[in-house]
Protein chains: 2
Amino acid sequence: MPAKILKREEILLRLFAIFRRSGFDGATLSKISEETGLGKASLYHHFPGGKVQMAEEVLRFVENWNDLHLIVPLGGKGRPKQKIKNMVATINDMYEGGKSGCLIGAMVPEDSFIEYKDQIKRILIKWIEAIAGVLVEYGVEPKESLLRAEEAVAKIQGALIVTKATGQRALFGRLMKNLPADLLEQRSGVLR
Amino acid sequence: MPAKILKREEILLRLFAIFRRSGFDGATLSKISEETGLGKASLYHHFPGGKVQMAEEVLRFVENWNDLHLIVPLGGKGRPKQKIKNMVATINDMYEGGKSGCLIGAMVPEDSFIEYKDQIKRILIKWIEAIAGVLVEYGVEPKESLLRAEEAVAKIQGALIVTKATGQRALFGRLMKNLPADLLEQRSGVLR
DNA sequence: GTCTATATAATGATAGAC
DNA sequence: GTCTATCATTATATAGAC
């Protein structure tokens with residue numbers, strides 16, 4: 001019954017939108033109920049573990065999505081430069097050019113909930129390592145590749161925050177445009 | 001009566017710590033009461049506007065702090081390169097090498113509360129423009145300076161998030177170490 | 001699987017004594 | 001300026017009918 005599966009994915013997509021907009025604490029069950037169109041009792045039917053389970057499943061969903069659309073392509077066939085450019089295009093789609101915030105950024109702030117921490121950590125690490133792998137493939141030193149990959153992921157996260165905070169969506173576009181060069185270009189690392 | 005003034009600053013410092021750790025929604029009055037040592041009623045004596053006023057005053061406090069420790073030094077005397085290095089050192093202190101998160105990152109996620117939005121926006125824009133000013137002073141094109149400044153601020157914000165999310169504090173140090181070069185170095189902007 | 005209705009706990013916020 | 005006690009509201013979560 002594929003219809004049922006699609007239905008749950010639809011719910012998760014709505015949940016994803018809410019969590020990335022409001023964070024965990026800001027995503028109240030009332031909001032969730034309203035924006036999913038499901039009553040609270042129905043939500044607990046689908047997610048007996050309540051809001052925590054919803055968050056965990058959304059993160060799992062994001063992890064799968066990332067694996068499929070970022071990690072696998074980066075590790076697959078194609079020229080490194082093209083793979084990086086594809087990634088940037090995917091990121092741009094994913095965040096709608098900076099219009100949408102980042103789920104990870106929205107959910108990290110909370111002190112408690114060690115449950116997610118491992119999920120979030122894994123998502124980021126996998127992504128960083130996939131980028132670094134492409135750079136190594138491109139001929140960059142492994143250590144330098146890791147550093148650049150970390151920088152790139154940090155810059156994407158930061159760009160989303162600064163864009164959201166300043167309301168200047170053009171900023172996101174500018175930073176994304178420079179990403180491929182940041183990653184692939186030769187850098188001296190020395191101050192003149 | 002300077003004692004009284006210092007007392008309020010002490011309260012604001014505690015509030016700052018709570019908000020940047022938990023965000024606005026996560027900072028419940030119970031937590032605030034507990035961590036400030038003040039009863040709820042006492043908190044409302046100091047902040048009749050409640051949690052919203054607390055957040056606003058904390059942001060004003062941060063803005064003043066930034067003006068004093070970041071903006072003014074960047075616009076003051078000294079060699080551009082040294083001023084950038086000083087800024088990075090200040091940032092490192094400010095976030096305790098990535099141990100502490102960023103207030104802005106923690107408070108942005110919320111959809112509502114337009115009250116802060118302007119404050120947060122102003123803090124970031126002032127900072128970006130101050131950095132860009134130094135780069136112009138260094139001889140970089142104004143347009144390019146602005147772009148690099150945006151990138152730097154985004155990278156700092158992102159580094160804090162990625163560091164928090166992965167728990168790898170070393171990452172923050174690595175990224176901060178490269179910041180001066182990122183800002184001051186000649187870049188071709190062309191992919192080989 | 002969805003709903004209405006409700007339980008229970010925690011939230012932001014006040015009143016009033018000291 | 002601080003406290004205890006309490007308010008109304010909203011939070012998460014459940015029971016049970018359909």
Side-chain angles (χ1 to χ4, degrees), chain A residues 1-59 61 106-107 109-116, chain B residues 1-59 61 106-107 109-116:
Chain A
M1 51 288 273
K4 193 181 169 188
I5 296 178
L6 277 179
K7 192 71 188 299
R8 188 173 188 85
E9 181 169 313
E10 179 59 33
I11 296 175
L12 285 174
L13 276 171
R14 306 275 183 99
L15 290 177
F16 168 68
I18 298 168
F19 278 124
R20 90 157 148 182
R21 185 155 40 81
S22 306
F24 184 81
D25 294 315
T28 66
L29 282 180
S30 308
K31 278 189 195 175
I32 295 174
S33 174
E34 194 179 344
E35 299 195 31
T36 56
L38 291 171
K40 294 180 187 179
S42 301
L43 288 167
Y44 276 88
H45 170 75
H46 291 286
F47 306 93
K51 226 173 77 167
V52 170
Q53 185 185 347
M54 297 181 205
E56 284 171 346
E57 290 204 25
V58 164
L59 279 169
F61 180 82
M107 298 198 70
E110 180 58 24
D111 355 44
S112 47
F113 294 113
I114 320 167
E115 293 98 318
Y116 322 146
Chain B
M1 51 289 272
K4 195 180 170 189
I5 296 176
L6 276 178
K7 190 70 185 299
R8 188 172 187 86
E9 182 169 313
E10 178 59 32
I11 296 176
L12 284 174
L13 276 171
R14 304 276 183 97
L15 290 177
F16 168 69
I18 298 168
F19 278 122
R20 89 156 149 182
R21 183 154 43 80
S22 306
F24 184 82
D25 293 316
T28 66
L29 282 180
S30 309
K31 277 188 196 176
I32 294 174
S33 174
E34 193 179 345
E35 298 196 32
T36 57
L38 291 170
K40 293 182 187 178
S42 300
L43 287 167
Y44 275 87
H45 170 76
H46 291 287
F47 306 93
K51 224 172 82 167
V52 170
Q53 185 183 347
M54 296 181 207
E56 284 171 347
E57 290 205 28
V58 165
L59 279 168
F61 180 82
M107 299 197 72
E110 182 56 26
D111 357 42
S112 49
F113 292 114
I114 321 165
E115 294 98 314
Y116 321 148

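Side chains included, hydrogens not; waters and symmetry mates left out as well; all remaining heavy atoms used. First the proteins, then the strands, lettered A, B, ... as listed; each starts at 1.
- OP1 or OP2 of C:dT2 has at least one side-chain nitrogen or oxygen of A:H46 nearer than 4.0 Å.
- Going from atom CG of A:L38 over to atom C1' of C:dT2 covers 8 Å, rounded to whole Å.
- Within the 3.5 Å criterion, the main-chain N or O of B:G37 finds no donor-acceptor partner in the side chain of B:R14.
- Taking atom CG on A:L29 and atom P on D:dA11, their separation rounds to 9 Å, with Å as the unit.
- When the P atom of C:dG1 is taken as reference, atom CZ of A:F47 falls 12 Å away, rounded to whole Å.
- Across all strands shown, A:S42 has heavy atoms under 4.0 Å from base atoms, whether or not it also approaches the sugar-phosphate.
- For A:E35, the side chain to side chain donor-acceptor pair (under 3.5 Å) partners at least two apart in sequence or on another chain are A:R21.
- To the nearest angstrom, P of D:dA11 lies 12 Å from NZ of B:K51.
- Looking only at distances, a side-chain donor or acceptor of A:K51 sits under 3.5 Å from a matching main-chain atom of A:F24.
- Residue-level contact check: A:K40 touches the bases, meaning some heavy atom is under 4.0 Å from a base atom.
- Contact record, B:G50 with B:Y44: CA-CE2, 3.5 Å, taken as the closest heavy-atom pair.
- As a whole-Å value, the separation of A:I18 CD1 from D:dT12 C1' is 15 Å.
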For this session: Let me see the working for B:F47 and B:L15 under side-chain contact (heavy atoms from CB on, under 4.5 Å), right down to the final yes or no.
Result: CA-CA 12 Å; B:F47 306 93; B:L15 290 177; 3.7 Å; yes
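- OP1 and OP2 of C:dA10 both lie 4.0 Å or more from every side-chain N or O belonging to B:S30.
- OP1 and OP2 of C:dT14 both lie 4.0 Å or more from every side-chain N or O belonging to B:Y44.
- At whole-Å resolution of the value, CZ in A:F24 and P in D:dA11 are 14 Å apart.
- Straight-line distance from the NE2 atom of A:H45 to the P atom of D:dA17: 17 Å, rounded to whole Å.
- Rounding to whole angstrom units, CG of residue B:L43 and P of C:dA15 are separated by 16 Å.
- Proximity of A:K31 to the phosphate of D:dT10: no side-chain N or O atom is located under 4.0 Å from OP1 or OP2.
- Residue whose closest nucleotide on DNA chain D sits further toward the 5' end, between A:A41 and B:I11: B:I11.
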